[in-house]
Each structure stands twice: as structure tokens, then as C-alpha cells.
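Read through the structure below, which is laid out as C-alpha cells, and then see the notes.
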Protein chains: 2
Amino acid sequence: MESLTSHEIHQQVRERLADAEVRYTTGRRAVVTALLRARGPRSAGEIVDLVVGAVPISSLYRSLAVLDESGVIGKHHDVDGIARFELAEWLVGHHHHMVCDRCGNVEDVALSGHEEDALHELVDRVGDSLGYTVSGHVLEVEGVCATCAV
Amino acid sequence: MESLTSHEIHQQVRERLADAEVRYTTGRRAVVTALLRARGPRSAGEIVDLVVGAVPISSLYRSLAVLDESGVIGKHHDVDGIARFELAEWLVGHHHHMVCDRCGNVEDVALSGHEEDALHELVDRVGDSLGYTVSGHVLEVEGVCATCAV
DNA sequence: TTCCTTGCAAACGATTTGCATTGGA
DNA sequence: TCCAATGCAAATCGTTTGCAAGGAA
């Protein structure tokens with residue numbers, strides 16, 4: 001997938017929010033900018049620090065909720081159960097995660113088209129066998145990174 | 001992997017806890033029994049309902065903490081950020097999860113030997129390409145279950 | 001004006017902890 | 001006996017919500 005420029009991403013987000021009939025306000029734009037600068041998923045607390053100027057945590061959560069509901073960002077919970085947010089895959093591309101068991105570092109990994117196709121077939125088969133209509137999948141590879149392997 | 005009988009699992013757990021120098025008490029045994037009956041990860045609230053008789057939620061959390069720390073059970077957080085627990089893979093075998101987008105239900109899924117082998121190869125390749133020594137992987141299939149699909 | 005959005009403070013709910021009591025080796 | 005384990009209640013903390021004020025169309 002071609003990676004979009006910062007400007008293009010804001011443009012895409014604006015359109016998506018327009019479709020959802022909500023405004024692309026300063027606060028919401030600040031969240032997208034922060035996540036764009038971030039090199040991985042960030043918690044609400046971390047985003048407060050990334051955003052320029054003071055932002056009430058409750059307003060931030062509301063911005064995050066709107067962006068999440070309109071599909072601009074994704075939300076998941078880390079091992080401590082804290083919510084972490086990142087730009088949605090349609091903006092930054094479908095990918096998986098390589099997690100280091102030692103240092104906890106998380107890297108994005110994009111599979112080759114062939115690999116992704118094979119995985120897709122596999123998860124479709126799994127869903128079918130259980131009577132589910134498959135909508136997506138998450139693959140996390142665990143291991144020890146080169147730095148920690150010393 | 002051969003699946004162990006309920007009795008054998010309790011035996012294994014007892015030994016593991018003995019190594020950790022903690023007792024295999026009635027409350028802890030009840031948790032293992034409940035998770036054995038469950039066919040997927042369960043939250044603390046759900047486990048309270050699965051266990052026979054009344055169990056204070058705080059005591060349950062303490063049992064879960066002990067079992068988690070000694071590697072008898074695993075813990076992860078669902079899409080709502082709620083902690084879910086399940087018996088560790090060394091007791092019940094390696095498997096993946098099928099998650100319903102609507103109701104949040106989670107079911108265990110064991111791939112066929114051939115599928116698991118293919119997945120294994122894939123994740124090894126991913127790890128190699130990033131300089132990681134792969135230790136494991138997690139695959140989560142997302143979709144809508146038959147009940148919610150109406 | 002008319003709603004959507006924001007800020008502040010209070011409320012929520014899952015999980016944890018302090019402390020006194022109980023129970024098993 | 002003696003200390004781990006338990007029960008109860010209070011505390012924590014990330015997150016959500018009620019309500020009044022601000023702002024854009």
C-alpha cells in the first residue's frame with residue numbers, strides 16, 4: 001500500500017468525519033497529528049503529553065471516542081489493560097505486530113501479498129467451521145529482538 | 001497434543017503450585033475447575049458465576065493472580081478492556097481465538113496440524129526478516145457469530 | 001438561533017489493597 | 001502453632017458522563 005502524506009491523511013480523515021456528520025475540530029486534529037508523530041499505539045495519558053497545549057483528559061477521551069467510532073483510529077488494550085490508540089489500517093496499511101518478549105518493543109510487520117492471502121484463507125476457513133462471518137484477523141508474532149538477544 | 005483428563009490437569013497444577021511454594025486451596029481448585037468447564041477465556045465476573053457457591057470477588061482476583069503468576073493460567077484483555085483468564089497452553093494445548101465483534105464471545109480454536117505448521121513457517125519467516133528469535137504467536141480471528149448474525 | 005463540542009467535576013466499574021479472621025500443614 | 005489464605009470494606013485509577021458554557025454554521 002502506498003503510504004499517505006500527513007496532509008493526505010488529514011484530508012482523508014476530514015472526509016471520513018464529514019460522512020459521519022461530525023466536525024474535524026482542532027482537538028480531533030490534534031489527536032490525529034499526535035498519533036501520526038507517534039511510532040506506535042499510544043495511551044490517552046501519553047497522547048495528552050504529545051499534544052501541544054493543555055488538553056482535559058475527558059475531552060481527549062471524547063475525541064478518541066469519535067475518531068474510533070468513525071473508524072479513523074483503532075483501539076486495543078495492552079497487557080496492563082490500558083487502552084491504546086493508533087491510526088486505522090485504511091490510513092496506514094494493514095499490518096501485524098512483532099513483539100519482543102524482553103523489552104516489549106512492538107514493530108509493525110506487513111506480510112507479502114501471497115502470505116496475507118494464505119492467512120486470509122486460513123482465517124476464513126476457521127470462521128466458517130465455527131459459523132462466523134469473518135471480518136478481520138490479528139496476528140502477533142512473539143520473540144526476542146536482536147538487541148535483546150545479546 | 002494429547003489432551004489431559006480433568007484429574008491429570010489438577011495434578012499438574014498441584015505440582016506447579018508446589019514448585020511455586022503456594023497451596024492448591026479449594027478456591028484455587030474451583031477456579032481451575034471453572035476454566036476447565038469453560039471453552040474459552042472468562043472474565044472474573046463470569047468465573048464467579050461458574051464457581052459453585054458464593055465467592056468474594058476480591059478472593060477470586062487473588063486466586064487468579066496466584067495462578068497467573070505461577071503460569072497455570074494466562075491473562076489477556078478483551079476489546080472492552082476487561083481481563084479474561086484461561087488455562088495455560090501447556091495444560092490444554094496450543095490454540096487460537098475466534099472473537100465475535102458483536103457480543104464479544106470468545107471461543108478456542110485449534111488449527112489442524114497442517115495449518116498450524118504453515119502458520120509456524122510464516123511467523124518464523126516474519127521473525128527472521130526482522131532479526132527476532134521467534135518464541136510464539138497469537139492469532140485472533142474476528143467476525144460475527146451465528147447467534148448475532150440474525 | 002440551533003446544535004455540536006468542550007471543560008470541569010462527579011460518577012463508574014473493574015481491580016487492588018489494608019486489616020482482621022480463618023484454616024490447613 | 002503459625003503463616004498463608006480469605007473475607008469484607010475501602011481505596012485506586014482509567015474511563016465515562018451530567019451539565020453548563022463556548023463556538024461554528
Side-chain angles (χ1 to χ4, degrees), chain A residues 10 13-35 41-70 72-86, chain B residues 10 13-35 41-70 72-86 104 106:
Chain A
H10 279 298
V13 172
R14 172 179 298 287
E15 288 174 20
R16 171 70 71 117
L17 290 188
D19 288 345
E21 296 181 316
V22 293
R23 301 173 191 152
Y24 195 23
T25 63
T26 309
R28 292 166 190 173
R29 178 185 296 271
V31 169
V32 171
T33 300
L35 291 181
R42 293 289 180 270
S43 67
E46 290 166 347
I47 294 173
V48 164
D49 296 334
L50 288 173
V51 166
V52 291
V55 183
I57 192 77
S58 63
S59 295
L60 174 61
Y61 272 112
R62 272 197 265 240
S63 291
L64 290 168
V66 167
L67 294 172
D68 186 24
E69 283 156 18
S70 42
V72 171
I73 64 177
K75 170 185 183 178
H76 69 90
H77 291 84
D78 66 17
V79 293
D80 294 321
I82 293 176
R84 289 181 172 277
F85 305 86
E86 59 184 338
Chain B
H10 280 298
V13 172
R14 171 179 299 286
E15 288 174 19
R16 172 69 71 115
L17 291 188
D19 288 345
E21 296 180 316
V22 292
R23 300 173 192 155
Y24 195 24
T25 62
T26 310
R28 293 166 190 173
R29 177 185 296 269
V31 170
V32 171
T33 299
L35 291 180
R42 292 292 180 267
S43 67
E46 290 166 346
I47 295 172
V48 164
D49 295 335
L50 289 172
V51 165
V52 292
V55 183
I57 193 75
S58 62
S59 296
L60 174 61
Y61 273 112
R62 273 198 264 240
S63 290
L64 289 168
V66 167
L67 293 173
D68 185 24
E69 285 156 18
S70 41
V72 171
I73 65 177
K75 170 186 183 177
H76 70 91
H77 293 265
D78 66 18
V79 294
D80 294 321
I82 295 176
R84 288 182 171 276
F85 306 85
E86 61 184 335
V106 183

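Quantities reported herein were computed from a predicted structural model and do not represent experimental measurements. Excluded from the calculations below are hydrogen atoms, water molecules and symmetry mates; all remaining heavy atoms, backbone and side chain alike, are included.
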Presence of A:T25 side-chain N/O under 4.0 Å of C:dT6 phosphate oxygens OP1/OP2: yes
Donor-acceptor pair, distance only, cut-off 3.5 Å: does the side chain of A:R42 make one with the backbone of A:R84? no
Hey, does A:V22 reach any base, or is it just sugar-phosphate, or nothing, if we go heavy atoms under 4.0 Å? sugar-phosphate
Starting at OH of A:Y61 and ending at P of D:dG18, how long is that distance when rounded to a whole Å? 18 Å
Mapping B:T26 and B:K75 onto DNA chain C by nearest heavy atom, which one lands closer to the 5' end? B:K75
Counting only side-chain nitrogens and oxygens, does B:S59 get under 4.0 Å of the OP1 or OP2 atom of D:dG7? yes
So does B:I82 get a backbone contact from the side chain of B:D80, meaning a donor-acceptor N/O pair under 3.5 Å? no
Spell out yes or no: do the side chain of B:R62 and the base of C:dG18 have one donor N/O and one acceptor N/O closer than 3.5 Å? yes
Any B:R23 side-chain nitrogen or oxygen under 4.0 Å from OP1 or OP2 of D:dC3: no
For B:S43, is there any backbone N or O sitting under 3.5 Å from a side-chain donor or acceptor partner on B:E46? yes
Would you mind reading off the distance between B:L64 atom CG and D:dT6 atom C1', rounded to a whole angstrom? 14 Å
Please assess B:I47 against B:L64 for the test side-chain contact (heavy atoms from CB on, under 4.5 Å), listing each intermediate value before the final yes or no. CA-CA 10 Å; B:I47 295 172; B:L64 289 168; 4.0 Å; yes
In whole angstrom, give the distance that lies between atom CD1 of A:I57 and atom P of C:dT6. 14 Å
For B:R84 and C:dA14, what is the distance between atoms CZ and P respectively, to the nearest whole Å? 12 Å
Figure out the CD/C1' separation between B:E46 and C:dA14, and round it to whole Å. 13 Å
Hey, does A:A83 reach any base, or is it just sugar-phosphate, or nothing, if we go heavy atoms under 4.0 Å? sugar-phosphate
Rounded to whole angstroms, how far apart are CZ on B:R29 and P on D:dA4? 21 Å
Rounded off to whole Å, could you give me the CG-to-P distance for the B:D80 and D:dT16 pair? 10 Å
Can you check whether B:S70's main-chain N or O pairs, donor with acceptor, with B:R16's side chain at less than 3.5 Å? yes
Separation of D:dG23 P from A:R28 CZ (nearest whole Å): 15 Å
